[in-house]
Amino acid sequence: MKKTSEIIARVINELFGSDTSVELTRPEPQFGDFATNIALKLAKDIGKSPREIAEKISEKMQGNNDFKKIEVAGPGFINISLTDQALVELTQYKPVASNQALSYVIEYSCPNAFKELHTGHLYQTILGDVMARLIESTGASVHRTSFGGDIGLHVAKCLYGMVQNLGGELPQKLDDISKAPMERAYWISQCYVAGSQAYENEFAAKNQIELYNQTVYKIHDSNEHGTPIAEIYWTTRQWSFDYFEAFYSILHVDNMRYIPESSTAELGLSLVKDGLEKGIFKESDGAVVFEGDLQKKLHTRVFITSKGLPTYETKDIGVIFTEKQDYNFDKRLLITGNEQSEYMKVVFAAADALSPGLESAMHHVTNGTVRFGDGKKMSSRLGNVSRAIDVVNFVKDRIRDIGSQADIIDDVALGAIKFEFLRHRVGNDIAFDIEESVSIHGSSGPYLQYAHARACSILEKSKYSENPEFIMSGSLEESERSLVRKLGEYNEALDKSVNELMPHHICTYLYELAQEFNRFYEKSRIIDSDREILRIQIVIMYRDTLARGLNMLGIVAPEKM
RNA sequence: GCACCCGUAGCUCAGUGGAUUAGAGUAGCUGGCUUCGAACCAGUUGGUCGCAAGUUCGAAUCUUGCCGGGUGUACCA
């Protein structure tokens, strides 16, 4: 594709002396393999009719070995058909690792300690993992981080609930709780709910919880481990971290470094106080604020409260600089829900004021919220529907019902969940219909996994499947050509996903690819056909492309299912 | 009030740094398995791309104004 666009650019330069980059699109197959509207774009500058320009360009392109046919269509589109040989070459193209020297930080998932992961975390963890894979594919070194609260009111509420549950500040009683990370997390979350309710309803509890809030800060300040309440705090905090690890491993996403808020508050606080002296921050009603700017569409936000406590803003400043110190990132990608979009603009602007240039190195991607397509059905079957683990288990059960082989149920269930989340454009809300997501028909993870398994099964039956070289003699038949053409588009879909940080392009592509294969398969006999050698080569390319795409999405491509 | 995001077929979504005849899945209807895995394929029904104006040879896509939905708007995280 790049090669073709360069050829056209050169031709334009020779004809009209202007330097332009030529963008090619993939038109309907009947119009050719590539198309460009460059003539229409040039018409104004050159002062000739688009059609005339297109004719000249196409004339000059004739005779190139890669092109079978070049036509001018409509108002001045140039439609290009490649030779079969050139089409096959496109499938061989490998993208170059262009970001080898760059250091990336990508922060996502970000659950609070002492809480369970909900559906939003599930989505974001999957999305962030794929974003990281996409960036890794360009050769950059990627550091995955997750940032969350291990201090604050929610922790105090939880501590209160735990103490009630244990019958006092009795850390030794924690031994009676399950050893399993998921069950421990469940217990902690139950305590949080109880503590939360007590906070709302009981005056004495509210006072005690506010005391605990102070206590937790003190525990950190003095690194206190001796008191019973400190012991409960440190132990269950670790349980929380263990639970995160356990959950990420269920999802088969790479481990990330969890940066707790307690470790960034101090750094953030000192940076903001420095900034206050430099006039970056201002005092207002006893609080330290970053003043908004109507032009830049920033609103004013508090960084240090009038009581001297750091807000989330300051902790976020802390984590930015922690990551800068530890990884010296060139780019920092942050993924959060889109409700934080305005908030984060302010934090980024403040960070940039503290260290000029930082803002341009940071990029905030916001994801939509996960809604439930059929709320009624969900809640009756699942109870608490917002828990991530319930969604995972539900999908596993459904996949099991369908009758998949036991050893790949987890892979298929995860494939279903991941694909369902990833096929949507990032930023849009996701209507998660759980029944639909486990569907094995249509645009789904299991459909693609099945497609892969089927290709593997065909290859197993042919004696030519070990042949690594693509040998082409003669020309491609129509159904072969359509599939080869589609195979060549993988790299374009990947590039698009990387450049836009939009994984759904790969999803769309893989589904189209599988459909194209199924059409080919209906029409063309493979095994025992006189074109078996050629067709097997195409199936190999197909299987590999499918596997590469699925792996990029963090989905296992099974050989059997 | 102001700011940001969204509005495409009954439902779920692609397509939105302009382009040839708006596409998929799903639901409905029809046809195709003694044949390489039918978890499939083919055909069909279904759309004034929220509304209106503007820019252009050309707008789902860009601009403006409305309508509708969501979110955010200083001491919670």
Side-chain angles (χ1 to χ4, degrees), chain A residues 23 25 27-28 30-31 35-37 40-41 43 49-50 73-77 79 112 148-149 151-155 261 284-292 294 297-313 315-316 337-343 345-346 366 368-369 371 373-374 402-404 412 420 423-425 427-433 436-437 439-444 446-451 453-462 500 504-505 507-508 511-512 514-515 517-529 532 535-536 539 560-561:
Chain A
E23 280 178 31
T25 57
E28 298 283 305
Q30 50 186 316
F31 296 118
T36 179
N37 61 351
L40 292 116
K41 280 189 174 169
S49 85
F77 298 102
N79 293 330
N112 277 331
I151 42 177
L153 200 61
H154 77 280
V155 178
E261 262 177 41
S284 171
D285 294 339
V288 178
V289 304
F290 187 77
E291 281 197 321
L294 271 179
K297 295 178 179 170
L298 299 175
H299 47 245
T300 302
R301 297 200 66 105
V302 171
F303 279 65
I304 302 175
T305 68
S306 49
K307 287 177 188 160
L309 290 173
T311 60
Y312 220 57
E313 286 82 340
K315 293 167 191 166
D316 261 317
N338 49 21
E339 71 281 354
Q340 286 193 37
S341 131
E342 315 266 298
Y343 159 80
K345 275 184 201 163
V346 178
T366 61
T369 46
R371 305 187 323 263
D374 190 339
I402 289 163
S404 295
V412 176
E420 182 59 26
R423 56 185 267 260
H424 298 83
R425 189 182 180 85
N428 291 354
D429 286 354
I430 291 175
F432 191 85
D433 185 323
E436 191 91 350
S437 77
S439 164
I440 48 185
H441 306 287
S443 189
S444 73
Y447 172 94
L448 294 171
Q449 290 174 314
Y450 177 76
R454 190 150 76 139
C456 290
S457 164
I458 294 163
L459 290 172
E460 220 171 66
K461 291 192 171 60
S462 171
E500 298 175 15
H504 75 283
H505 289 125
C507 297
T508 307
Y511 181 69
E512 286 170 5
Q515 256 190 333
F517 176 80
N518 287 331
R519 272 188 280 256
F520 161 77
Y521 179 80
E522 289 288 325
K523 286 180 200 158
S524 315
R525 179 83 207 170
I526 299 165
I527 308 295
D528 296 333
S529 109
E532 181 171 347
R535 286 179 179 170
I536 283 295
V539 177
K560 285 197 166 64
M561 64 186 281

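Below, chains carry the letters A, B, ... as their sequence lines are ordered, and counting in each starts from 1. Values reported hereafter were calculated over all heavy atoms of this structure, with side chains retained and with hydrogens, waters and symmetry mates removed.
- With sequence neighbours left out, A:Glu23 forms a salt bridge (Lys or Arg N to Asp or Glu O under 4.0 Å) with no residue at all.
- Residues A:Phe303 and A:Val289 form no side-chain contact, since every pair of their non-hydrogen atoms from C-beta on lies 4.5 Å or further apart.
- In this structure, A:Gln515 places its CD atom 12 Å from C1' of B:A42, rounding to the nearest Å.
- Taking atom C1' on both nucleotides, B:G50 is separated from B:C67 by 7 Å, rounded to a whole Å.
- With sequence neighbours excluded, the residues that form a side-chain contact (heavy atoms from CB on, under 4.5 Å) with A:Lys461 are A:Ser457, A:Ile527.
- With both ends at atom P, the span from B:A24 to B:G15 equals 15 Å, rounded to whole Å.
- Nearest to the side chain of A:Arg423, among B:G37, B:U12, B:U20, sits B:U12.
- Distances from the side chain of A:Arg519 to the nucleotides B:A42, B:G37, B:G18 place B:A42 closest.
- Salt-bridge annotation for A:Lys560 and A:Glu460: present, with a side-chain N of the basic residue lying under 4.0 Å from a carboxylate O of the acidic one.
- Among the nucleotides B:C36, B:C13, B:C40, the one closest to the side chain of A:Asn518 is B:C40.
- In this structure, the nucleotide among B:U16, B:U21, B:G37 sitting nearest to the side chain of A:Lys461 is B:G37.
- Considering only heavy atoms from C-beta on, A:Glu313 stays 4.5 Å or farther from A:Val302 through its side chain.
- Of the nucleotides present, B:A53 is the one that pairs with B:U63 by Watson-Crick or G-U wobble criteria, both distances under 3.5 Å.
- Rounded to an integer number of Å, the gap from NE2 of A:His504 to C1' of B:U12 is 15 Å.
- Dashed line: the shortest gap from a side-chain N or O of A:Lys297 to OP1 or OP2 of B:C4 is under 4.0 Å.
- Using a distance-only test at 3.5 Å, with no hydrogens or angles considered, no donor-acceptor pair links the side chain of A:Asp429 to the main chain of A:Gly368.
- When the nearest nucleotides of RNA chain B are assigned to A:Ala514 and A:Phe77 by heavy-atom distance, the more 5′-ward of the two goes with A:Phe77.
- OP1 or OP2 of B:U20 has not a single side-chain nitrogen or oxygen of A:Gln30 nearer than 4.0 Å.
- If you check B:A24 for Watson-Crick or wobble pairing at under 3.5 angstrom, you find it paired to B:U12.
- Here the side chains of A:Tyr343 and A:Arg301 are in contact, with some heavy-atom distance below 4.5 Å.
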- Query: Once each nucleotide of nucleotides 71-77 of chain B is scored for protein heavy atoms under 4.0 Å, what B/S/- sequence comes out, 5' to 3'?
  - Reply: SSSBB-B
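- When the C1' atom is compared between B:G43 and B:U8, the two are found 24 Å apart, to the nearest whole Å.
- Atoms OG1 and CG, from A:Thr311 and A:Asp316 in turn, are 9.0 Å apart once rounded to the nearest 0.5 Å.
- OP1 or OP2 of B:G15 has at least one side-chain nitrogen or oxygen of A:His505 nearer than 4.0 Å.
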Kindly give the atom pairs (protein nitrogen or oxygen, nucleotide nitrogen or oxygen) under 3.5 Å for nucleotides 61-65 of chain B.
none

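- B:G65 and B:U26 have their P atoms separated by 41 Å, with the value rounded to a whole Å.
- By the ring pair (Phe, Tyr, Trp, His ring centres under 6.0 Å) test, A:Phe290 is found to be paired with A:Phe281, residues two or more places apart in sequence or in another chain being considered.
- One distance of note links CD of A:Glu500 with NE2 of A:His505; it measures 4.5 Å at 0.5 Å rounding.
- Legend: residues meeting salt bridge (Lys or Arg N to Asp or Glu O under 4.0 Å) with A:Glu532, ordered by chain and number and at least two apart, are absent.
- The distance from atom CG of A:Leu448 to atom C1' of B:A24 is 13 Å, rounded to the nearest whole Å.
- Between B:G23 and B:U16, the two C1' atoms lie 14 Å apart (nearest whole Å).
- Distance from the side chain of A:Ala73 is smallest for B:U20 among the nucleotides B:U20, B:G37, B:C41.
- No contact: A:Ile536 has no heavy atom under 4.0 Å from any strand.
- Considering only side-chain N and O atoms, A:Tyr521 lies under 4.0 angstrom from the phosphate OP1 or OP2 of B:A38.
- In terms of the ring pair (Phe, Tyr, Trp, His ring centres under 6.0 Å) criterion, A:Phe31 has no residue partners (sequence neighbours excluded).
- Remark: A:Glu339 pairs with no residue by the salt bridge (Lys or Arg N to Asp or Glu O under 4.0 Å) rule, at least two apart or across chains.
- Put simply, the side chain of A:Asp285 does not reach to within 4.5 Å of the side chain of A:Ser306, judged on heavy atoms.
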What N/O pairs connect the protein and nucleotides 6-8 of chain B at under 3.5 Å? Give each pair on its own line.
none

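- Using a 4.0 Å cut-off, no side-chain N or O of A:His441 falls inside it from OP1 or OP2 of B:G25.
- The phosphate of B:C41 has OP1 or OP2 within less than 4.0 Å of a side-chain N or O from A:Tyr447.
- With both ends at atom P, the span from B:G46 to B:C4 equals 40 Å, rounded to whole Å.
- Using a 4.0 Å heavy-atom criterion, one finds that A:Gly74 contacts no nucleic acid atom at all.
- Remark: C1' of B:A39 and CD1 of A:Ile458 are 14 Å apart, rounded to the nearest angstrom.
- Between the side chain of A:Ser457 and the base of B:G37, a donor-acceptor pair under 3.5 Å is found.
- The distance from atom CZ of A:Phe520 to atom P of B:A42 is 15 Å, rounded to the nearest whole Å.
- Note on A:Ser524: a base of the nucleic acid sits closer than 4.0 angstrom, heavy atoms only.
- Counting non-hydrogen atoms under 4.0 angstrom, A:Ala453 reaches a base of the nucleic acid.
- Contacts of A:Ala43 with the nucleic acid, taken as non-hydrogen atoms under 4.0 Å apart, are absent.
- Using a 4.0 Å heavy-atom cutoff across all strands shown, A:Asp429 reaches sugar-phosphate atoms only and no base atom.
- To the nearest whole angstrom, the two P atoms, one in B:A14 and one in B:G28, are 24 Å apart.
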Any protein N or O atoms within reach of nucleotides 28-35 of chain B? Criterion: under 3.5 Å, listing atom names and distances.
residue, atom, partner, partner atom, Å
B:U35, O2', A:Arg525, NH1, 3.1

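- Taking the salt bridge (Lys or Arg N to Asp or Glu O under 4.0 Å) definition, one finds that A:Glu28 meets it with nothing, sequence neighbours left out.
- Here the CD atom belonging to A:Glu512 is positioned 9.0 Å from the OG atom belonging to A:Ser443, to the nearest 0.5 angstrom.
- Taking atom CD on A:Gln449 and atom C1' on B:G37, their separation rounds to 15 Å, with Å as the unit.
- The same atom, C1', is picked in B:C75 and in B:U63; the two are 40 Å apart, to the nearest Å.
- With A:Thr300 contributing its side chain and A:Gly292 its backbone, the two residues share a donor-acceptor pair below 3.5 Å.
- By the side chain to side chain donor-acceptor pair (under 3.5 Å) test, A:Arg454 is found to be paired with A:Asn518, residues two or more places apart in sequence or in another chain being considered.
- A:Arg454 places its CZ atom 8 Å from the P atom of B:A39, with the value rounded to the nearest Å.
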